Amino acid sequence: MHGLTYYFSLSLSAILIENFIFVKFLGCCPFFGVSKNTETAMGMGVAVTFVMTVASAVTTLVNTYLLGETYAYMQTVVFILIIAALVQFIEMFLMKSMPALYESLGIYLPLITTNCAVLGVANLNVSNGLDFISAIIYGFSAGIGFTLAIVLFASVRERLEYADYPKCFKGFPIALVAASLLSIAFMGFQGLSIF
(Lines give C-alpha, C1' and ligand atoms only; values in the text may rest on other atoms or scores of the structure.)
Protein backbone atom coordinates (compact mmCIF):
# COMPACT_ATOMS: atom_id res chain seq x y z
CA MET A 1 0.00 0.00 0.00
CA HIS A 2 1.37 3.37 -1.01
CA GLY A 3 0.98 6.67 0.75
CA LEU A 4 -0.60 9.89 -0.40
CA THR A 5 2.81 11.34 -1.30
CA TYR A 6 3.47 8.49 -3.74
CA TYR A 7 0.13 9.00 -5.50
CA PHE A 8 0.68 12.77 -5.68
CA SER A 9 4.14 12.22 -7.14
CA LEU A 10 2.75 9.73 -9.66
CA SER A 11 0.08 12.23 -10.73
CA LEU A 12 2.49 15.15 -10.97
CA SER A 13 4.85 13.02 -13.00
CA ALA A 14 2.16 11.97 -15.49
CA ILE A 15 0.71 15.48 -15.87
CA LEU A 16 3.84 17.62 -16.12
CA ILE A 17 7.15 15.77 -15.98
CA GLU A 18 6.29 12.93 -18.38
CA ASN A 19 3.49 14.61 -20.34
CA PHE A 20 2.44 12.22 -23.09
CA ILE A 21 2.23 14.94 -25.76
CA PHE A 22 5.08 17.33 -24.98
CA VAL A 23 7.63 14.96 -23.43
CA LYS A 24 6.85 11.44 -24.67
CA PHE A 25 5.45 12.67 -28.04
CA LEU A 26 2.60 10.13 -28.00
CA GLY A 27 -0.88 10.93 -29.30
CA CYS A 28 0.17 13.66 -31.74
CA CYS A 29 -2.47 12.84 -34.40
CA PRO A 30 -5.50 14.02 -32.39
CA PHE A 31 -3.31 16.69 -30.80
CA PHE A 32 -2.76 18.42 -34.14
CA GLY A 33 -6.09 17.45 -35.68
CA VAL A 34 -8.54 18.55 -32.98
CA SER A 35 -6.73 21.54 -31.53
CA LYS A 36 -8.16 24.28 -33.71
CA ASN A 37 -10.57 25.52 -31.02
CA THR A 38 -10.64 25.05 -27.27
CA GLU A 39 -14.14 23.56 -27.00
CA THR A 40 -13.36 20.69 -29.35
CA ALA A 41 -9.96 20.22 -27.71
CA MET A 42 -11.59 20.03 -24.29
CA GLY A 43 -14.09 17.46 -25.56
CA MET A 44 -11.29 15.31 -27.00
CA GLY A 45 -9.30 15.69 -23.79
CA VAL A 46 -12.21 14.51 -21.65
CA ALA A 47 -12.84 11.55 -23.98
CA VAL A 48 -9.15 10.54 -23.93
CA THR A 49 -9.00 10.95 -20.13
CA PHE A 50 -12.02 8.68 -19.71
CA VAL A 51 -10.58 6.05 -22.06
CA MET A 52 -7.14 6.21 -20.41
CA THR A 53 -8.57 5.85 -16.92
CA VAL A 54 -10.92 2.97 -17.68
CA ALA A 55 -8.40 1.28 -19.98
CA SER A 56 -5.78 1.46 -17.22
CA ALA A 57 -8.14 -0.23 -14.78
CA VAL A 58 -9.36 -2.93 -17.16
CA THR A 59 -5.98 -3.72 -18.74
CA THR A 60 -4.33 -4.01 -15.32
CA LEU A 61 -6.98 -6.47 -14.17
CA VAL A 62 -6.85 -8.45 -17.42
CA ASN A 63 -3.07 -8.57 -17.34
CA THR A 64 -2.96 -9.60 -13.67
CA TYR A 65 -5.72 -12.22 -13.68
CA LEU A 66 -5.92 -13.50 -17.27
CA LEU A 67 -2.70 -12.92 -19.18
CA GLY A 68 0.01 -13.03 -16.54
CA GLU A 69 3.41 -14.33 -17.58
CA THR A 70 1.97 -17.21 -19.60
CA TYR A 71 0.14 -15.11 -22.19
CA ALA A 72 2.21 -11.91 -22.01
CA TYR A 73 2.77 -12.09 -25.77
CA MET A 74 -0.97 -11.34 -26.24
CA GLN A 75 -0.79 -8.08 -24.27
CA THR A 76 -0.85 -5.60 -27.16
CA VAL A 77 -3.69 -7.32 -29.02
CA VAL A 78 -5.85 -7.64 -25.90
CA PHE A 79 -5.14 -4.05 -24.85
CA ILE A 80 -6.14 -2.71 -28.28
CA LEU A 81 -9.39 -4.72 -28.18
CA ILE A 82 -10.22 -3.29 -24.74
CA ILE A 83 -9.46 0.26 -25.89
CA ALA A 84 -11.54 -0.22 -29.06
CA ALA A 85 -14.54 -1.35 -27.00
CA LEU A 86 -14.24 1.69 -24.72
CA VAL A 87 -14.02 4.06 -27.67
CA GLN A 88 -17.13 2.49 -29.20
CA PHE A 89 -18.95 3.15 -25.94
CA ILE A 90 -17.86 6.81 -25.92
CA GLU A 91 -18.78 7.22 -29.58
CA MET A 92 -22.31 5.92 -28.98
CA PHE A 93 -22.67 8.09 -25.87
CA LEU A 94 -21.55 11.28 -27.66
CA MET A 95 -23.69 10.53 -30.72
CA LYS A 96 -26.82 10.33 -28.54
CA SER A 97 -26.15 12.99 -25.90
CA MET A 98 -23.81 15.55 -27.56
CA PRO A 99 -24.24 15.41 -31.34
CA ALA A 100 -22.49 18.76 -31.91
CA LEU A 101 -19.34 17.59 -30.13
CA TYR A 102 -19.56 14.24 -31.92
CA GLU A 103 -19.63 16.03 -35.29
CA SER A 104 -16.79 18.41 -34.40
CA LEU A 105 -14.51 15.56 -33.29
CA GLY A 106 -15.17 13.81 -36.59
CA ILE A 107 -12.71 11.11 -37.61
CA TYR A 108 -10.47 11.81 -34.60
CA LEU A 109 -12.91 10.19 -32.17
CA PRO A 110 -12.55 6.66 -33.60
CA LEU A 111 -8.82 7.32 -33.89
CA ILE A 112 -8.60 7.22 -30.07
CA THR A 113 -8.62 3.45 -30.57
CA THR A 114 -5.22 3.63 -32.24
CA ASN A 115 -4.00 6.59 -30.17
CA CYS A 116 -0.56 5.53 -29.07
CA ALA A 117 -0.92 7.56 -25.84
CA VAL A 118 -3.80 5.35 -24.67
CA LEU A 119 -1.96 2.15 -25.54
CA GLY A 120 1.22 3.67 -24.10
CA VAL A 121 -0.35 4.28 -20.69
CA ALA A 122 -1.65 0.71 -20.58
CA ASN A 123 1.78 -0.67 -21.48
CA LEU A 124 3.57 1.62 -19.01
CA ASN A 125 1.26 0.49 -16.21
CA VAL A 126 2.30 -3.10 -16.86
CA SER A 127 5.99 -2.47 -17.51
CA ASN A 128 6.33 -0.27 -14.40
CA GLY A 129 4.55 -2.91 -12.30
CA LEU A 130 1.88 -0.52 -11.04
CA ASP A 131 -0.83 -1.98 -8.84
CA PHE A 132 -4.53 -1.43 -9.57
CA ILE A 133 -4.97 1.89 -7.71
CA SER A 134 -1.65 3.28 -9.00
CA ALA A 135 -2.56 2.29 -12.57
CA ILE A 136 -5.91 4.12 -12.34
CA ILE A 137 -4.27 7.23 -10.88
CA TYR A 138 -1.53 7.15 -13.52
CA GLY A 139 -4.05 6.68 -16.35
CA PHE A 140 -6.28 9.50 -15.09
CA SER A 141 -3.31 11.81 -14.56
CA ALA A 142 -1.92 11.03 -18.01
CA GLY A 143 -5.34 11.94 -19.42
CA ILE A 144 -5.33 15.21 -17.48
CA GLY A 145 -1.86 15.91 -18.88
CA PHE A 146 -3.14 15.16 -22.41
CA THR A 147 -6.11 17.49 -21.83
CA LEU A 148 -3.87 20.23 -20.46
CA ALA A 149 -1.58 19.94 -23.49
CA ILE A 150 -4.32 19.94 -26.12
CA VAL A 151 -6.29 22.81 -24.53
CA LEU A 152 -3.14 24.94 -24.11
CA PHE A 153 -2.22 24.28 -27.71
CA ALA A 154 -5.75 25.03 -28.94
CA SER A 155 -5.73 28.37 -27.14
CA VAL A 156 -2.37 29.21 -28.74
CA ARG A 157 -3.70 28.23 -32.19
CA GLU A 158 -6.78 30.39 -31.69
CA ARG A 159 -4.56 33.38 -30.96
CA LEU A 160 -2.34 32.58 -33.94
CA GLU A 161 -5.31 33.29 -36.22
CA TYR A 162 -4.84 37.00 -35.48
CA ALA A 163 -1.03 37.02 -35.32
CA ASP A 164 1.22 38.56 -37.91
CA TYR A 165 3.81 36.08 -39.19
CA PRO A 166 5.34 35.30 -42.60
CA LYS A 167 3.02 33.66 -45.15
CA CYS A 168 5.33 30.65 -45.47
CA PHE A 169 4.41 29.70 -41.87
CA LYS A 170 0.65 29.83 -42.46
CA GLY A 171 -1.26 26.71 -41.38
CA PHE A 172 0.56 23.63 -40.19
CA PRO A 173 4.13 25.07 -40.06
CA ILE A 174 3.21 27.71 -37.45
CA ALA A 175 1.37 25.00 -35.50
CA LEU A 176 4.57 22.92 -35.41
CA VAL A 177 6.58 25.93 -34.22
CA ALA A 178 4.03 26.64 -31.46
CA ALA A 179 3.97 22.96 -30.41
CA SER A 180 7.76 22.85 -30.24
CA LEU A 181 7.87 25.96 -28.05
CA LEU A 182 5.26 24.48 -25.70
CA SER A 183 7.25 21.25 -25.64
CA ILE A 184 10.40 23.12 -24.65
CA ALA A 185 8.44 24.78 -21.84
CA PHE A 186 7.28 21.38 -20.57
CA MET A 187 10.83 20.01 -20.77
CA GLY A 188 11.62 22.50 -18.00
CA PHE A 189 9.68 20.24 -15.62
CA GLN A 190 12.32 17.52 -16.10
CA GLY A 191 14.22 19.05 -13.20
CA LEU A 192 11.42 17.87 -10.91
CA SER A 193 12.18 14.22 -11.68
CA ILE A 194 10.47 12.29 -8.89
CA PHE A 195 11.07 8.63 -9.69
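Just so it is clear, the structure is predicted and the values come from calculations on it, not from any experiment.
For the residue pair Gly139 and Val121, the shortest heavy atom distance occurs at CA-CG2, 3.8 Å. Minimum interatomic distance between Phe146 and Gly45 (heavy atoms only, all atoms of both residues): CD2-CA, 4.2 Å. Of all heavy-atom pairs between Cys28 and Ile21, the closest is N-CD1, 4.4 Å. Residues Ala55 and Ile83 come closest through the heavy atom pair CB-CG1, 4.0 Å.
Clustering of Ile, Leu, Val, Met, Phe, Trp and Tyr by side-chain heavy atoms under 4.5 Å joins Leu81 with Val77.
Cys116 is not listed as a side-chain neighbour of Phe20, based on a closest heavy-atom distance of 4.5 Å or more. Residues Ser11 and Phe8 have side chains not in contact (no heavy-atom distance under 4.5 Å, counting atoms from C-beta outward). Between Ile137 and Ser134, every side-chain heavy-atom pair lies at or beyond the 4.5 Å cut-off. Side-chain contact check for Val78 versus Tyr71: every heavy-atom pair is 4.5 Å or farther apart. At least one side-chain heavy atom of Val62 sits less than 4.5 Å from a side-chain heavy atom of Ile82. Side-chain contact between Ile184 and Phe22 is absent, with no heavy-atom pair separated by less than 4.5 Å. For the pair Tyr138/Glu18, a side-chain contact is recorded, criterion being any heavy-atom separation below 4.5 Å from C-beta on. Taking 4.5 Å as the limit, some side-chain heavy atom of Val23 sits within range of a side-chain heavy atom of Gln190.
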**Request:** Starting from the C-alpha separation in whole Å, work towards a yes-or-no answer on side chain to side chain contact (heavy atoms under 4.5 Å, CB included) for Arg157 and Thr38.
**Result:** CA-CA 9 Å; Arg157 285 183 81 174; Thr38 51; over 6 Å; no
**Message:** Please evaluate residues Leu176 and Phe32 with respect to the criterion side chain to side chain contact (heavy atoms under 4.5 Å, CB included), reporting the C-alpha separation (whole Å), side-chain torsions for both, the decisive distance (0.1 Å), and the verdict.
**Reply:** CA-CA 9 Å; Leu176 286 174; Phe32 283 110; 3.6 Å; yes
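We find the CG-CG distance between Leu148 and Leu16 to be 7.0 Å, quoted to the nearest 0.5 Å. Summarising the geometry, atom OG1 belonging to Thr53 is positioned 6.0 Å from atom CZ belonging to Phe140; distances are rounded to the nearest 0.5 Å. Here the CG atom belonging to Leu119 is positioned 10.0 Å from the CE atom belonging to Met52, to the nearest 0.5 angstrom. Interatomic distance, Ile133 CD1 to Tyr6 OH, rounded to the nearest 0.5 Å: 11.5 Å. To the nearest 0.5 angstrom, Ser155 atom OG is 11.5 Å from Ile150 atom CD1. The CD atom of Glu91 sits 12.5 Å away from the NZ atom of Lys96 when rounded to the nearest 0.5 Å.
If you chain together hydrophobic residues whose side chains sit under 4.5 Å apart, Leu4 and Ile136 never meet in one group. Following chains of ILVMFWY side-chain contacts shorter than 4.5 Å, one cannot reach Leu152 starting from Phe25, and the two form parts of different hydrophobic clusters. Met92 and Val48 end up in different hydrophobic clusters when Ile, Leu, Val, Met, Phe, Trp and Tyr side chains are linked at under 4.5 Å. In the hydrophobic clustering of this structure, Phe172 groups with Leu181; members are Ile, Leu, Val, Met, Phe, Trp, Tyr whose side-chain heavy atoms approach within less than 4.5 Å, directly or through other members.
Counting only N and O atoms by type, the side chains of Glu158 and Asn37 include no donor and acceptor under 3.5 Å apart. Checked by atom type, the side-chain pair Thr147/Thr49 shows a donor-acceptor distance below 3.5 Å.
Put simply, the side chain of Thr60 gets close to the backbone of Ser56: a donor and an acceptor are under 3.5 Å apart. The main-chain N or O of Val177 is found under 3.5 Å from a side-chain atom of Ser180 such that the two form a donor-acceptor pair. In this structure, the side chain of Ser127 engages the main chain of Asn123 through a donor-acceptor pair within 3.5 Å. A donor-acceptor pair under 3.5 Å is formed between the side chain of Asn19 and the backbone N or O of Ile15.
Using bins of under 30°, 30° to 60° and over 60° for the plane-to-plane angle, the ring pair Phe93/Phe89 lands in the parallel bin. Under the 30°/60° scheme for interplanar angles, the aromatic rings of Phe31 and Phe153 are found to lie parallel.
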